[in-house]
Q: 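The structure is given below, and queries will be raised subsequently.
The model shown is predicted, which means the values in this text are computed figures rather than measured ones.
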Amino acid sequence: MPVQGGYKSAPMLDLRYVAQNFDAVVARLKTRSGNLDLGPFQKLFTERRELYVAMEGLAARRNTANDEMKKKAKEDPAALEALRGDLRAVSQEIKEKEARLKEVEEEINRILLLIPNIPHESVPVGTSEADNPVVRTWGEKPNLPFTPRQHFDIGEKLGMLDFERAAKVSGSRFTFYKAALARLERALVTFMIDVHTQKGYTELLPPYLVLRETMMGTGQLPKFEEDAFKTAGDPERFLIPTAEVPVTNYHADEILEGGQLPVKYCAFSPCFRAEAGAAGKDTRGLIRQHQFHKVELVKFATPDTSLQELEGMTDDACDILRRLGLHHRVVLLCTGDMGFSARKTYDIEVWLPGQQAYREISSCSDCGDFQARRAKIRFRAQKGDKPQLLHTLNGSGLAVGRTSIALLENYQREDGSVAIPEALVPYMGGMREIRPL
RNA sequence: GGAGGAGUGGCCGAGCGGCUGAAGGCAGCGGUCUUGAAAACCGCAGAGGGUGAAAGCUCUCCGUAGGUUCGAAUCCUACCUCCUCCGCCA
């Protein structure tokens, strides 16, 4: 009867760290949005340790007694019977403790799985996006000598975005792209991946359906189940909300060699989001759809380099916008605006003339060891060293649909046609502008 | 979907219910030898948890989860994955 050990019950935050710095951790977590309830965590943690100690004592006793059994079995059958009775009681006690330990660990995990990552110290405290400082800005707003239209007007006038038929076929928040705009979307994907692979990102084309534990690994579950689409079969599978999910879990349960870090991947995928909490928000156009395309960047880095890698990744995403000549700015998310798994996040916001607003087109996060702990991704600094958790990073490079929006709004002309930036012309088969059908 | 077969340490591959954390081989690391290298020989070498300042001590792990037993890699049950053949299919 095996005593449970190992990292099977992988804690979501460093158990010991949380236990030893309880107040500080709670205080920092409270700067995030949402409620925080650590419940009976400390009591459970103590009980867990006591159970471990007790079980070990019993197991040790049983093991030595079992060695006796080997001898007695041959020499002294009578004593064997007596011993057997004793041991049965010991085994029984171990089983009981084991059952209780399992309960305790499940309770601890239930609590910890719902607790977000601890914000890094360089992240400003704040409650909403209004508190996100602008870190830098690139380019300038285009000077359009007419009232700029929003992308959905442009697309419909071109006859290349069809929201009505999409609603007929799939319901709200879907779109048919047509002709040159369909090609533009495809061209953007290829363009982005070409740029990233030239910088050392390895292209990965991931599965779009993943298991529950995969969604757990990156932090989408268990807390945000209502945001995801789920299949009916057994096992249930989830449509990925981002390629971050399959790509980060690509190395789940692995030990990487320190020398090969950072490992960098880029991956195109469609993304599926239920948008449960977004009713009434961005209902028109391509901004918020149930399905969109994204090229994702993922890095696996050592703890001491991850913050620096985040800067690099953010710049790699910005580079796409620079090459496309799109005005944008980078903001640092405050504690209250960050995602569940992140310890530090930069959002890149592109200027949309039609909306007269900056809109998020990329989000780049350093997740520290948060996802690595959940997904059991480790590295070995030197041969012979103990494996330790690595750091994971992810960022959009970029959201393709929103890039299409930015191109439409920034390169629109008064007559309804749209220019194609130089960098994309080769990917559009030489096409330099998009004219109405 | 139907019929078979298999899942053991970085890899290959043994393993009568106790002497197996696991033979043997390869790769790896350290050393002897050598002008250097190779070969040969010797040695070290899995992952985690608990406790401890550390050394150490101890517990767990042979696809996963249960079960039988004083004791399971070895017996039983279910599940998962992979391979082969048939059917179906982009």
Q: Please classify the nucleic acid contact of A/Pro387 as base, sugar-phosphate, or nothing, using heavy-atom distances under 4.0 Å.
A: sugar-phosphate
Q: Can you see if the side chain of A/Ser91 gets near the phosphate of B/rU69 - specifically, an N or O under 4.0 Å from OP1 or OP2?
A: no
Q: Mind calculating the distance between CD (A/Gln92) and P (B/rU68) to the nearest angstrom?
A: 9 Å
Q: Looking at A/Glu121, I'd like to know if its CD atom is crowded, meaning that more than 12 non-hydrogen atoms belonging to other residues, nucleotides or ligands lie closer than 6.0 Å.
A: no
Q: Verify the distance criterion only: is there a donor paired with an acceptor across the side chains of A/Tyr265 and A/His251 at less than 3.5 Å?
A: yes
Q: Quick one about A/Ser341 and A/Asn117 (side-chain donor to acceptor, distance below 3.5 Å, no hydrogens or angles considered), yes or no?
A: no
Q: Using whole Å, what does the distance between atom P of nucleotide B/rU81 and atom CG of A/Leu211 come to?
A: 9 Å
Q: Looking at the side chain of A/Ala60, which of B/rU68, B/rC59, B/rG50 is the nearest nucleotide?
A: B/rC59
Q: Send over the distance from A/Arg61 CZ to B/rG71 P, rounded to a whole Å.
A: 13 Å
Q: Paired with B/rU77: which nucleotide, if any, by Watson-Crick or G-U wobble criteria at under 3.5 Å for both distances?
A: B/rA65
Q: Determine the Euclidean distance between corresponding P atoms of B/rG66 and B/rC61; express it in Å to zero decimal places.
A: 12 Å
Q: Check each of A/Glu309, A/Glu244, A/Glu311 against A/Lys299 using the salt bridge (charged side-chain N to carboxylate O under 4.0 Å, His left out) test, and report the only one that passes.
A: A/Glu309
Q: Name the pairing partner of B/rG36, where a pair is Watson-Crick or G-U wobble with both distances under 3.5 Å, or state none.
A: none
Q: Would you call A/Arg322-A/Asp315 a salt bridge at under 4.0 Å N-O?
A: yes
Q: Where the side chain of A/Asn63 is concerned, which of B/rG50, B/rU69, B/rC59 is the nearest nucleotide?
A: B/rC59
Q: Please tell me if A/Lys102 has a side-chain N or O lying less than 4.0 Å from either OP1 or OP2 of B/rG66.
A: yes
Q: Under 4.0 Å: is that the gap between some side-chain N or O of A/Lys95 and OP1 or OP2 of B/rU68?
A: yes
Q: Which nucleotide, in any strand shown, forms a Watson-Crick or G-U wobble pair with B/rA22, with both distances under 3.5 Å?
A: none
Q: With RNA chain B as reference, determine whether A/Gln388 or A/Gly57 sits nearer its 5' end, using the nearest nucleotide of each.
A: A/Gln388
Q: Looking at A/Lys199 and A/Asp316, is there a salt bridge between them, counting it only when a charged N and a carboxylate O are closer than 4.0 Å?
A: yes
Q: Start at the 5' end of RNA chain B and walk down; is the nucleotide closest to A/Thr64 or to A/Val53 reached first?
A: A/Val53
Q: How far does the P atom of B/rA45 sit from the matching atom of B/rG24, given to the nearest Å?
A: 14 Å
Q: So, is A/Arg49 close to the B/rG50 phosphate, meaning a side-chain N or O under 4.0 Å from OP1 or OP2?
A: no
Q: How far, in whole Å, is B/rC12 from B/rA6 if one measures between their C1' atoms?
A: 15 Å
Q: How long is the line joining NZ of A/Lys376 and P of B/rG46, in whole Å?
A: 22 Å
Q: Taking atom P of B/rU69 as reference, at what distance in whole Å does atom CZ of A/Arg88 sit?
A: 7 Å
Q: With rounding to the closest Å, how many angstrom separate the C1' atoms on B/rG46 and B/rA73?
A: 16 Å
Q: Let's test this: given Watson-Crick or G-U wobble pairing with both distances under 3.5 Å, identify the partner of B/rC44.
A: B/rG28
Q: In this structure, how many angstroms lie between the C1' atom of B/rG10 and the CD atom of A/Glu254, rounded?
A: 13 Å
Q: When you check the side-chain N and O atoms of A/Thr218 and A/Gln371, is any donor under 3.5 Å from an acceptor?
A: no
Q: Using the P atom on both, measure B/rU20 against B/rC70 and round to a whole Å.
A: 24 Å
Q: Now, which nucleotide makes the Watson-Crick or G-U wobble pair with B/rG52, with each of the two distances under 3.5 Å?
A: none
Q: Rounded to the Å, how far apart are A/Glu98 CD and B/rC59 P?
A: 15 Å
Q: What integer number of Å spans the C1' atoms of B/rC62 and B/rG21?
A: 9 Å
Q: For B/rG87, what is the paired nucleotide under Watson-Crick or G-U wobble rules, both distances under 3.5 Å?
A: none
Q: Given B/rC70, B/rA47, B/rU60, which nucleotide is nearest the side-chain atoms of A/Ala59?
A: B/rU60
Q: Considering only the P atoms, how many Å lie between B/rG18 and B/rG71, rounded to the nearest integer?
A: 14 Å
Q: On a whole-Å scale, what distance lies between the C1' atoms belonging to B/rG15 and B/rG25?
A: 15 Å
Q: Write down the partner of B/rG17 under the Watson-Crick or G-U wobble criteria, each distance required to be under 3.5 Å.
A: none
Q: Tell me the partner of B/rC82, counting only Watson-Crick (N1-N3 plus N6-O4 or O6-N4) or G-U wobble (N1-O2 and O6-N3) with both under 3.5 Å; none if nothing fits.
A: B/rG5
Q: Would you say the side chains of A/Tyr427 and A/Asp194 form a donor-acceptor pair under 3.5 Å?
A: yes
Q: Is there a side-chain polar atom (N or O) of A/Arg62 under 4.0 Å from OP1 or OP2 of B/rC59?
A: no
Q: CG of A/Leu51 versus P of B/rU58: gap in Å, rounded?
A: 22 Å
